Visitor: 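Have a look at the structure that comes next, please.
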Amino acid sequence: MNFSPLDWLVLVATLILIISWGIYKSKTSRNLSGYFLSDRQMPWWIILLSIMGTQASAVTFLTAPGQAYTDGMRFVQYYFGLPIAMVIVCATLVPIFHRLKVYTAYEYLEQRFDVRTRTFTSFLFLLSRGVSTGISVIAPSIVLHSLLGWNFYVTNIAMGGLLIIYTTTGGAKAVAYTQQIQFIIIYAAMFVACWYAIDMLPEGIGIRDALHISGKAGKLNVISSGVEDGSFNWKDKYNIWSGVIGGLFLSLSYFGTDQSQVGRYLTAKSEKESKLGLLMNGLVKVPLQFFILIIGVFIFSFYQFYKAPAHFNLAAEKQVLSGKYADDYRAASVRYDSVQATKRNTAVELAAALHSDDEAAIDRLRTELQQEEKNAQVQRTTIKDLVKKANPASDGNDTNYIFLRFVGDFLPKGIVGLIIAIIFLAAWGSIAAALNSLASCTMIDFHKKFSKKQLTEEEEYKWSKWYTVGWGLFCVFIAQFAYNLGNSLIEAVNILGSWFYGTILGVFLVAFFLKRIGAKAVFFGAVISELLVIAVYFADIVSFLWLNVIGAFGVIILSFIIQLFLPTKSPDIIAGADSKSI
Amino acid sequence: WWYWLVLGFLLLLIVLFYFFTKRFA
């Protein structure tokens, strides 16, 4: 995959533009409100772009098209719970956060329960978000390292380090304004990539044909029920039920209790602007995700007519070919090529049948295409297994490489540089928001809360900047360090994050809806619920989206039961009752 | 306070996606 001088020019110019814009927009009042809340000046549309820029990381744009290519469109169901969560967050937590004028979500828990609950949840946030932000730098860096041959450690510093410049100088305001520009560039570039994927289809094959071919190969499974052989498969990751219910609880946790998102909409100039930003996100998020996934479908259609690589990860392929599995790999590649050739003929015949509305031929060719797609998947699995054998540290998966490999192989010079640039921009958008929120929790929930010395506004402002730099360096360090420990550690960290999410949401739900439950009951309810989540995870009986539901309901039910056994006039309950006046 | 608009739009999308899935399968 070549990266031409023009590509370098586009990439460097885009990155310099963002950093310059971030520094230019860095002027804020030199106090905590200016640095972490942009002096509460932001309109709803900046809030909207900011929460979308925070949620969409580099992996979103790398994985989604590849996911559609391999597994079809059903991943979009993962986002079905999000609009419902937006409504619930707007009706419950947003008014409270604004009325209490909090800096962090966890301040509310001190007002409702006690300082222990606040400190504990804030600590869990710092731990899981700090480490997972560092880990999030690795995936895009590995892809660029493999496809372009760039030095992994230098790429990491660019991916996770350069944004520290504007995030530190401008705080929440610089984060929001850079996310605005990033959003425009990212979606413009994705639109260009989509246009090229459609434009390069063979003569006589239009969008409708492309959709029919990929649909009949099973890639347009936008809605799936999760029912297999007459019963619901709880381990099926993406179906309408795990999407609506599991996705709802995941989104509630993320937008209601994760400071990296809460910190975005707290910068709004009023409660109304916060709500509008969140509700608009509820309207546009699913269609935008559909658009990113459909790019993968068009790439799949494109590869029905042109030779697809046996494995999309160039570096992994080279590694196999230089080792003892080279002959096996070549043989598997030849088999894959022959399956592809058969499939190509079927696709051409199917397009002709579609044009002549020959229903009988369409039915016959649909069955053939589905069988050939299954054969192709079998060959690809064999190839992945060989990649894994050649490099036991990798999982052999090439989903993250599909989109960029297509871009590098087929898109013109300059556009390749632009697409690589948006991977950096997407990474920066989510990491910058994370650093800003990590610094705000460190400063507000720990330093300011427990410091014996009274700080001046200027001192608080300077400490906040240093915490931003500190967390930025921590994340880059984690990325450099974790890569050497291999994939299993990275996966473990991601799993660890999902363990706490449901439980923290449960604490917030109890805080809001169950006024009779006090601090002691919710604390022990949360601890027992956490152990339950971990037990269910190790029992491996449900897919990860259901863990959040179990964690949240666990806290609600257990704390309710524990409260029944506590004396009714405990100080806890008085604290709980007092919070009604919040 | 839009809430019905967001929920109604989600329902509309799910129905459209269902027919989209059926149409091209």
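Worth saying up front: this structure is predicted, and the values here are computed from it rather than measured. To find a chain, count down the sequence lines: A is the first, B the second, and so on, and within it residues start at 1.
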Visitor: How close do Leu10(B) and Pro83(A) get, counting heavy atoms only, and between which atoms?
Guide: CD1-CG, 3.9 Å

Visitor: Of all heavy-atom pairs between Val222(A) and Thr21(B), which one has the smallest distance, and what is that distance?
Guide: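 Looking at all heavy atoms of both residues, the shortest contact is N-OG1, 3.2 Å.
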
Visitor: Using heavy-atom distances under 4.5 Å, tell me whether Lys272(A) contacts chain B through its side chain, its backbone, both, or neither.
Guide: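 Both backbone and side chain of Lys272(A) come within 4.5 Å of chain B.
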
Visitor: How are the rings of Phe290(A) and Phe17(B) set to each other: parallel, tilted or perpendicular (split at 30° and 60°)?
Guide: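 Answer is parallel, since the angle falls under 30°.
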
Visitor: Just wondering, are more than 12 heavy atoms of other shown residues or ligands nearer than 6.0 Å to CZ in Phe19(B)?
Guide: no

Visitor: Counting only heavy atoms closer than 4.5 Å, note whether Tyr18(B) contacts chain A via side chain, backbone, both or neither.
Guide: both

Visitor: Between Met86(A) and chain B, which part of the residue has a heavy atom less than 4.5 Å away: side chain, backbone, both or neither?
Guide: neither

Visitor: Could you tell me if the side chain of Lys275(A) sits less than 4.5 Å from the side chain of Trp2(B), heavy atoms only?
Guide: no

Visitor: Side chain from CB out, backbone as N, CA, C, O: work out which of these in Ala91(A) comes under 4.5 Å of a heavy atom of chain B, or both, or neither.
Guide: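 Both parts, backbone and side chain.
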
Visitor: Please round to the nearest 0.5 Å and tell me the distance separating atom CE of Met73(A) and atom CZ of Phe24(B).
Guide: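 One finds 11.0 Å between CE of Met73(A) and CZ of Phe24(B).
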
Visitor: How many angstroms lie between atom CG of Leu5(B) and atom CG of Leu279(A), to the nearest 0.5 angstrom?
Guide: 8.5 Å

Visitor: Nearest 0.5 Å, what's the CG-CZ distance between Leu211(A) and Phe20(B)?
Guide: 5.0 Å

Visitor: Does any heavy atom of chain B fall under 4.5 Å from the side chain of Ile240(A), the backbone, both, or neither of them?
Guide: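 Contact with chain B: side chain only.
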
Visitor: Sort Phe80(A) into side chain, backbone, both or neither according to what part of it lies under 4.5 angstrom from a heavy atom of chain B.
Guide: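 Interface part for Phe80(A): both.
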
Visitor: Mind checking whether Ile88(A) and Tyr3(B) have side chains closer than 4.5 Å, heavy atoms only?
Guide: no

Visitor: Count the heavy atoms of every other residue, nucleotide or ligand shown that sit under 6.0 Å from CH2 of Trp546(A), and state whether that count exceeds 12.
Guide: yes

Visitor: Give me the one residue out of Leu16(B), Ile14(B), Val15(B) that meets side chain to side chain contact (heavy atoms under 4.5 Å, CB included) with Ile223(A).
Guide: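 Exactly one pass, corresponding to Ile14(B).
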
